[in-house]
Amino acid sequence: MSTASALTFPLPELTKIIGKPTNTSIKLLRKEIYTNARAISSTRGGGNHGHLAIVMTNAAYQALVPNAPFDVPAHPGPAPVHVAGATQAQIAETIRLYNAELVEIGIVNTFQSKLKQQIIAAIEPLYLSALSHEEFGFADVAPLQMMEHLQADYGRITREEIEANRKSIQTIWTLDDPIEVLWTRLTEIKRISREAQEELSDATLMDLTFLMFEQTGVFPI
């Protein structure tokens, strides 16, 4: 397990969101946050997902890891508590466990603090201001609270975005782009339509893609 002082993220900075957050920009932000969270190892939650549970709702994490709960450790108190008549070996083990819990709590706290700083740096202040305390700022706000706030207030797909998403098929690819770019962008277009509950069928996507090919000169009209 990492120590709090050695904690580093694979993504030192999150992609900045310029202006008002959107469903798509929040999705990318969440993906990057998950990447950093998974990189900080932990034996909890089955030991395979790092600190991902800290930045996911309980329901989402349980769906991902159904049989391995991630219980955030509570502070064990100001000093180890020994049972009456404890042997030297028991005392030593109690102290070891106590120190291990302090290390783990330090990692969780440092992780949340650094991730929170990344989110604040990536989002314009206006869009997080509702969470800021007049005296303590974001001191008592967790990264998950920030993400839930952004999703609730700005993550809904608007009618304008739905129409823009449909029309974007006409311009998502050019002859200079690798074909992989087209598949990636088509996947995102379908995701947006699905989340907006106006999912484009595969047949519709195919028709619109062929139309785009005609306009780019891949197929003759």
Side-chain angles (χ1 to χ4, degrees), residues 1-17 21-77 80 93-125 127-128 131-132 136-155 180 184 187-188 191-192 194-195:
M1 180 182 294
S2 305
T3 62
S5 60
L7 189 153
T8 56
F9 291 144
L11 300 175
E13 294 183 357
L14 304 176
T15 301
K16 293 184 182 299
I17 297 179
T22 64
N23 179 276
T24 298
S25 63
I26 292 172
K27 176 179 177 288
L28 176 59
L29 185 72
R30 184 183 299 108
K31 181 179 180 180
E32 293 179 344
I33 287 172
Y34 286 176
T35 296
N36 282 346
R38 294 186 74 136
I40 308 304
S41 63
S42 173
T43 58
R44 296 177 184 265
N48 296 319
H49 298 85
H51 282 69
L52 190 59
I54 303 294
V55 292
M56 297 182 78
T57 63
N58 289 335
Y61 188 76
Q62 288 172 10
L64 178 68
V65 191
N67 299 313
F70 188 109
D71 298 318
V72 177
H75 196 286
E93 178 63 7
T94 298
I95 292 174
R96 185 191 70 79
L97 293 174
Y98 175 85
N99 290 333
E101 287 182 341
L102 290 182
V103 169
E104 190 172 8
I105 290 167
I107 291 172
V108 171
N109 291 340
T110 301
F111 163 73
Q112 296 219 66
S113 177
K114 288 190 173 185
L115 191 57
K116 184 161 54 177
Q117 291 171 11
Q118 286 191 318
I119 296 172
I120 292 171
I123 306 295
E124 293 184 10
Y127 304 107
L128 289 174
L131 299 178
S132 180
F136 305 121
F138 297 106
D140 298 318
V141 180
L144 177 57
Q145 289 177 271
M146 292 181 167
M147 291 306 299
E148 289 185 320
H149 164 74
L150 292 172
Q151 181 63 38
D153 281 21
Y154 309 108
E180 291 79 6
T184 299
T187 299
E188 177 64 6
R191 180 195 70 82
I192 291 175
R194 182 174 61 251
E195 289 196 14

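Every value quoted in this text rests on a predicted model; they were computed, and no experiment measured them.
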Undergrad: Can you tell if the side chain of Met146 reaches within under 4.5 Å of the side chain of Phe138, non-hydrogen atoms only?
TA: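 Heavy-atom side-chain distance check passes, below 4.5 Å.
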
Undergrad: Return the NE2 to OH distance between His75 and Tyr98, rounded to the nearest 0.5 Å.
TA: 5.5 Å

Undergrad: Let me confirm one number: the CE-OH distance from Met56 to Tyr34, rounded to the nearest 0.5 Å.
TA: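 Going from CE on Met56 over to OH on Tyr34, the span is 4.0 Å.
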
Undergrad: Testing Leu128, Leu29, Leu150 one by one against Pro21 for a side-chain contact (heavy atoms from CB on, under 4.5 Å), which residue passes?
TA: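 When side-chain contact (heavy atoms from CB on, under 4.5 Å) is applied between Pro21 and each of Leu128, Leu29, Leu150, only Leu150 qualifies.
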
Undergrad: Are side-chain heavy atoms of Leu97 and Pro76 found at a separation under 4.5 Å?
TA: no

Undergrad: For Lys31, enumerate each residue passing the salt bridge (charged side-chain N to carboxylate O under 4.0 Å, His left out) test, keeping only those at least two apart in sequence or located in another chain.
TA: none

Undergrad: Does a side-chain heavy-atom distance below 4.5 Å link Val55 with Met147?
TA: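 Sidechains of Met147 and Val55: no contact.
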
Undergrad: Of Leu115, Thr110, Val108, which meets side-chain contact (heavy atoms from CB on, under 4.5 Å) against Gln112?
TA: Val108

Undergrad: If you define the side chain from C-beta out and look only at heavy atoms, does anything of Leu52 sit under 4.5 Å from Leu64?
TA: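 When only atoms from C-beta onward are counted, Leu64 and Leu52 do touch, with a gap below 4.5 Å.
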
Undergrad: Measuring from Ser25:OG to Arg30:CZ, what's the distance to the nearest 0.5 Å?
TA: 10.0 Å

Undergrad: Looking only at heavy atoms, which two atoms of Gly137 and Ser132 are closest? And how far apart?
TA: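 Closest approach of Gly137 to Ser132, heavy atoms only: CA-OG, 3.5 Å.
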
Undergrad: Could you label the plane-to-plane angle of the Phe111 and His51 rings as parallel, tilted or perpendicular, counting under 30° as parallel and over 60° as perpendicular?
TA: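 Taking His51 first and then Phe111, their aromatic rings sit tilted (interplane angle of 30° to 60°).
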
Undergrad: So do the side chains of Pro10 and Thr35 get within less than 4.5 Å of each other, counting heavy atoms only?
TA: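 Touching, per the 4.5 Å side-chain cut-off.
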
Undergrad: For the residue pair Ile17 and Leu28, establish whether any side-chain heavy-atom pair is separated by less than 4.5 Å.
TA: no

Undergrad: In Å, rounded to the nearest 0.5 Å, how long is the span from CG of Asn99 to OG1 of Thr94?
TA: 11.0 Å

